[in-house]
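Scroll down for the structure; my scribbles are underneath it.
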Amino acid sequence: MKKQWWQEEVVYQIYPKSFYDSNGDGFGDLRGITEKLDYLKDLGVTMLWICPVYQSPMDDNGYDISDYKAIASEFGTMEDLDELILESGKRGIKIILDLVINHTSDEHSWFQQALKDPASPYHDYYIFKEGYQEPNNWRSVFGGSVWEKISERDEYYFHAFGKKQPDLNWENPKLRNEIYEMVNWWLDKGIAGFRVDAITFIKKDLTWDSREPDGVDGLVKCTSASRNQPGIGEFLQELKEKTFDRHECVTVAEAAGVSYDELDQFMGENGYFSMIFDFRYADLDVASGSEWFKRIDWSVKDLNEKIIASQMAIQKYGWSANFIENHDQPRASSKYLRDDQYNPDAIKMLGAMYFFLRGIPFIYQGQELGMHNFQWEKIDEFNDLSSIDQYYRSLEEGFDQKEALHFVNLRSRDNSRTPFPWTKEKYGGFSTHKPWLGMTEEYPSVNAEEQIGKEGSIYEFYKEMIAFRQSGPYKDCLIYGKICPVESSENVIAYKRYTEDETIYCWFNFGNEESVEELEPKNLKQIWSNDKTAQIENHKLRLQPFQALLLKEIEK
Ligand code: NOJ
Ligand code: CA
């Protein structure tokens with residue numbers, strides 16, 4: 001691919017509500033991020049993705065926007081955001097914001113005017129259908145019908161996500177232009193680009209026909225009819241031409257439902273976006289991201305195959321956006337490692353496995369400390385809309401309360417949304433006030449203060465790994481090198497990064513036991529590991545439990 005300025009970035013994702021509370025009200029805020037910029041600079045990240053900070057009733061923690069050009073008062077002011085952009089720029093850190101344009105909040109003035117007056121032009125900014133009952137049997141991502149009745153009229157509106165998140169009507173050119181104007185306004189402000197939310201939902205099956213139910217509720221997941229539908233390309237192309245193409249920006253799209261055959265259109269050289277997230281290995285433990293009760297028993301081999309398939313498919317056309325955590329996923333150390341593997345070596349090995357893949361590594365706040373999932377006892381302790389929905393759906397599907405709670409604990413989006421543990425003090429030094437969401441039980445021992453500067457800590461490991469990729473002697477190969485799989489035994493993931501001049505073999509042992517791997521008959525030298533020395537004899541590598549190892553091919 002043609003070289004792009006953003007290929008060398010290391011992105012750190014911030015969930016602002018949980019990062020740092022600067023004014024003691026229990027909610028993280030923009031000034032809190034600015035206060036912690038030196039921490040991020042020290043870690044070595046070069047770009048921040050900040051989850052939505054726009055005005056919002058916070059039903060889905062900011063993914064329900066009521067004013068695209070205003071900042072939520074909980075998070076601060078526009079001046080606070082300007083200051084954050086300025087201060088991060090001084091430290092060589094760029095900022096991308098979340099762009100949520102599939103839906104708004106029902107409290108957005110457009111929707112309020114549409115409700116008040118069906119003759120208003122804003123009525124056609126959303127999807128309304130007249131009738132005495134729901135127009136079809138599609139189920140929303142957060143549960144229940146996608147249709148919500150309006151109290152004053154026999155009319156329903158469509159929402160692919162929560163009830164308070166009505167979908168915008170992308171068929172309406174007026175609405176589209178209004179969105180483009182807003183996107184350009186933000187890009188003109190000096191941000192580096194966007195993470196684009198739920199973008200494959202903007203086109204729907206316009207027949208609105210019911211489909212075969214897939215649950216005991218008689219409904220069917222809406223994704224087959226409202227995600228990546230034929231014709232979506234026209235909207236995405238127009239969005240790109242009227243906004244992103246006019247700026248030197250980077251975009252990474254949440255584009256679930258896109259097949260590997262379609263990658264060229266989505267993120268090839270002239271694709272709609274710079275990159276897209278591939279969720280195939282993020283969701284390997286469940287049937288789908290909205291069916292947590294359908295657990296899937298997976299093996300390291302499955303994980304290996306999914307990762308390699310993703311890397312090879314994306315390599316054909318562009319650049320990957322690699323991640324093992326985000327604000328919708330459980331903690332990686334809890335998901336990808338088994339219960340008896342919660343040790344720092346295993347967590348580091350897992351971090352390195354995805355970090356050295358080809359593409360931009362995205363690090364989610366707290367991942368660099370090796371945080372784990374929590375274990376909550378009651379459904380009322382959860383805040384996340386989908387956790388609550390998945391709990392009741394599990395009961396409806398015939399599971400008992402204990403089982404339902406178990407599924408939710410494993411998968412809850414709140415797992416990654418607990419306040420960031422800065423210190424071992426009360427409320428983890430996140431706030432002086434009781435935080436909006438409970439801390440993890442482990443915060444007195446797993447926190448930033450405990451790990452910064454401490455030899456062998458997970459934080460220091462991430463810091464070193466970032467520096468090694470960004471400015472070490474093998475930078476060129478580790479960033480720009482191609483990737484291909486390397487034959488390995490069942491608990492080991494292995495791949496090769498290579499350029500015309502250099503080849504680096506990368507090995508990661510997910511097993512509790514030593515594993516013996518066949519090496520190609522080449523001269524290899526260890527260039528990096530998570531602590532241990534390579535044991536190589538007669539072209540056999542004895543990989544230690546949880547060892548991560550990079551070997552470079554050298555001349556005789
Ligand atoms: C995906 C976001 O990542 C998630 O947090 C949100 O709930 C939905 N899109 C709806 O905006
Ligand atoms: Ca605050």
Side-chain angles (χ1 to χ4, degrees), residues 13-36 49-54 56-66 68 71-77 80 84 97-106 108 140-143 146 159-168 194-202 222-223 226-227 252-257 276-277 279 282-283 289-290 321 323 325-330 362 364 383-390 411-417 419-420 427 429-437:
Q13 184 192 347
I14 293 188
Y15 200 65
K17 211 172 167 184
S18 300
F19 192 58
Y20 183 60
D21 175 17
S22 71
N23 62 350
D25 62 359
F27 297 98
D29 44 55
L30 287 167
R31 287 191 150 192
I33 304 175
T34 307
E35 282 186 34
K36 295 295 182 185
W49 152 21
I50 302 180
C51 285
V53 289
Y54 316 96
S56 162
M58 298 288 161
D59 195 55
D60 189 18
N61 291 331
Y63 284 92
D64 46 324
I65 298 171
S66 54
Y68 283 111
I71 299 295
S73 56
E74 292 90 328
F75 291 139
T77 61
D80 294 336
L84 171 60
L97 294 179
D98 223 300
L99 182 63
V100 188
I101 50 180
N102 174 65
H103 45 268
T104 66
S105 160
D106 64 342
H108 194 291
S140 72
V141 177
F142 295 157
V146 293
H159 60 90
F161 293 90
K163 286 184 187 139
K164 285 182 68 62
Q165 295 166 296
D167 280 43
L168 289 164
F194 291 107
R195 175 267 187 183
V196 190
D197 185 69
I199 197 67
T200 40
F201 282 85
I202 60 173
C222 69
T223 46
S226 64
R227 196 176 71 181
V252 50
E254 187 193 34
I276 66 167
F277 289 118
F279 293 95
D283 287 335
S290 57
F323 69 99
E325 287 188 12
N326 67 31
H327 65 294
D328 293 330
Q329 292 284 330
F362 283 71
Y364 178 74
N383 166 278
D384 164 30
L385 284 177
S386 56
S387 298
I388 296 158
D389 166 57
Q390 290 292 309
R411 265 275 152 183
S412 175
R413 305 194 299 173
D414 285 341
N415 277 308
S416 53
R417 298 176 181 185
F420 189 98
Y427 308 137
F430 161 76
S431 175
T432 48
H433 187 280
K434 189 169 190 265
W436 70 280
L437 188 68

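No hydrogens, no waters, no symmetry mates; every other heavy atom, side chains included, goes into these values. For ligands, and for the atoms within them, numbers begin at 1 and follow the listed sequence.
Protein residues having a heavy atom under 4.0 Å from any atom of ligand 1 are D60, Y63, H103, F142, F161, R195, D197, E254, H327, D328, R413, R417, listed by chain and number.
Under the 4.0 Å criterion applied to side-chain N and carboxylate O atoms, D64 and K163 are not assigned as salt-bridge partners.
Contact record, P166 with H103: O-CB, 3.1 Å, taken as the closest heavy-atom pair.
Note: F161 and Y63 fail the aromatic proximity criterion, with ring centroids not under 6.0 Å apart. Between F420 and F430, a ring centre-to-centre spacing not shorter than 6.0 Å is recorded.
Within 6.0 Å of the CZ atom in R31, the count of heavy atoms belonging to other residues, nucleotides or ligands does not exceed 12.
Going from atom NZ of K164 over to atom CG of L385 covers 10.5 Å, rounded to the nearest 0.5 Å. Between atom CD1 of residue I50 and atom CD of residue Q13 there is a gap of 10.5 Å, rounded to the nearest 0.5 Å.
Classification of the H327-Y15 ring pair by plane angle, with boundaries at 30° and 60°, yields parallel.
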>> I'd like to know whether H433 forms a side-chain contact (heavy atoms from CB on, under 4.5 Å) with D25, so could you lay out the CA-CA distance, the side-chain angles of the two residues, the decisive distance to 0.1 Å, and finally the verdict.
In response: CA-CA 6 Å; H433 187 280; D25 62 359; 5.6 Å; no
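Near-neighbour remark for the Ca ion (ligand 2): protein N, O or S atoms under 3.0 Å are D21 OD1, N23 OD1, D25 OD1, F27 O, D29 OD2; waters not counted.
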